[in-house]
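Report on the following structure.
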Amino acid sequence: MSVRLELDDLPPRYREQALKQIADRERRRAKRVEPVAKVQMTGILPQNAPKSEQDYYLTVILPKIQSGEVVKVLPRETFLLLPRRVFCGIKLPAAHYTPDFLLEHRDGKIEAVEVKSKFTRAAQRDYIYRRRLFIDLIAEPRGWTFTEHITEE
């Protein structure tokens, strides 16, 4: 059973300590300055996008947009690789793949981009199989290209 305490419920010494911690947190939050690039990414990247994706967007994709080479960016489009089904009484889940970016170039070519860190790539053991299915079932038949950007993080 949990009990919710208010600041007034605390003894004076602990109340002062809690108020000081709250004030310190508020000061640190006030010091944080949102980067200008964050404003430019609104609507392109989800709020919870990893830093590696944000960096890739700012350093690679944004200059291509500004030069007119890339005309459209679709972040995190999900593709169905295998439908959900039942086989011999075993429920098999659907398999999906979501590249980080789909870029439409000026000449009409589509490029799927995946940004992964070495650590995440090793931790997600099924990634290489989902990537292979995406390339074989979706990208290659449609004439798309696939770019995988591996970061050190």
Exercise for review: Show your reasoning for whether side-chain hydrogen bond (donor to acceptor under 3.5 Å, both in side chains) applies to Thr145 and Glu111.
Suggested key: CA-CA 5 Å; Thr145 58; Glu111 177 184 8; 4.8 Å; no
Practice item. Applying side-chain contact (heavy atoms from CB on, under 4.5 Å), run through Asp100 and Val113 and close with a yes or a no. Key: CA-CA 6 Å; Asp100 294 321; Val113 178; 5.6 Å; no
Review point. Would Leu58 and Val70 show up in the same hydrophobic cluster when neighbours are defined by side-chain heavy atoms closer than 4.5 Å?
Key: yes
Practice item. Identify whether the distance between the nearest side-chain nitrogen and carboxylate oxygen of Arg121 and Glu148 falls below 4.0 Å. Key: yes
Check your understanding: Which of parallel (below 30°), tilted (30 to 60°) and perpendicular (above 60°) describes Tyr56 and His149?
Key -> tilted
Review point. Is the side chain of Arg106 donor-acceptor paired with the backbone N or O of Val71 at a distance under 3.5 Å, no angle test?
Key: no
Point to revise | Leu81 to Leu137 - nearest heavy-atom pair and separation | key: O-CD1, 3.7 Å
Exercise for review: Please answer whether the main-chain N or O of Glu6 pairs with a side-chain N or O of Asp9 as donor and acceptor at a distance below 3.5 Å.
Suggested key: yes
Point to revise | 4.5 Å side-chain heavy-atom contact, Lys91 and Arg84 | key: no
Check your understanding: Under a 4.5 Å cut-off applied to non-hydrogen side-chain atoms, are Phe79 and Pro99 in contact?
Key -> yes
Study note, to complete from the structure: One should read off an interatomic distance between Arg85 CZ and Ile90 CD1, to the nearest 0.5 angstrom, of 10.5 Å
**Study point:** Any side-chain heavy-atom pair of Ile110 and Leu103 under 4.5 Å
**Key:** no
Exercise for review: Look only at the side chain of Ser67 and the backbone of Lys64, and say whether a donor-acceptor pair between them is shorter than 3.5 Å.
Suggested key: yes
Point to revise | Test log, rule side-chain contact (heavy atoms from CB on, under 4.5 Å), inputs Phe101 and Glu77 | key: CA-CA 7 Å; Phe101 302 101; Glu77 258 326 277; over 6 Å; no
Check your understanding: Side-chain contact, heavy-atom cut-off 4.5 Å: Lys118 with Ile150?
Key -> yes
Practice item. Of all the heavy-atom pairs spanning Pro141 and Ile135, show the shortest one and how long it is. Key: CD-O, 3.9 Å
**Study point:** Side-chain heavy-atom pair Glu114, Phe146 within 4.5 angstrom cut-off
**Key:** yes
Point to revise | Residue Arg125 excluded, over 12 heavy atoms near CZ under 6.0 Å | key: no
Point to revise | Ion pair Asp55/Lys51, N-O distance below 4.0 Å | key: yes
Practice item. Using the side-chain hydrogen bond (donor to acceptor under 3.5 Å, both in side chains) rule, take Thr78 and Thr98 through it: C-alpha gap first, then chi angles, then the decisive distance, then the call. Key: CA-CA 4 Å; Thr78 300; Thr98 306; 3.0 Å; yes
Check your understanding: Taking the side chain as C-beta and beyond, is there a heavy-atom pair between Ile65 and Val73 under 4.5 Å?
Key -> yes
Point to revise | Pairwise distance CD(Gln17) to CG(Leu10) - rounded to 0.5 angstrom | key: 9.5 Å
Check your understanding: Looking at CD of Gln54 and CG of Leu62, how far apart are the two atoms once the value is rounded to the nearest 0.5 Å?
Key -> 12.5 Å
Practice item. Using a 4.5 Å cut-off on heavy atoms from C-beta on, say whether the side chain of Leu19 contacts that of Tyr14. Key: no
Check your understanding: Hey, mind stepping through Thr151 and Lys116 against side-chain contact (heavy atoms from CB on, under 4.5 Å) and telling me if it holds?
Key -> CA-CA 6 Å; Thr151 63; Lys116 285 264 188 243; over 6 Å; no
**Study point:** Side-chain touch Phe134/Trp144, heavy atoms, less than 4.5 angstrom
**Key:** yes
Practice item. Walk me through it: do Tyr97 and Ile138 pass the test side-chain contact (heavy atoms from CB on, under 4.5 Å)? Key: CA-CA 10 Å; Tyr97 183 77; Ile138 307 290; over 6 Å; no
Point to revise | Residue Arg132 excluded, over 12 heavy atoms near CZ under 6.0 Å | key: no
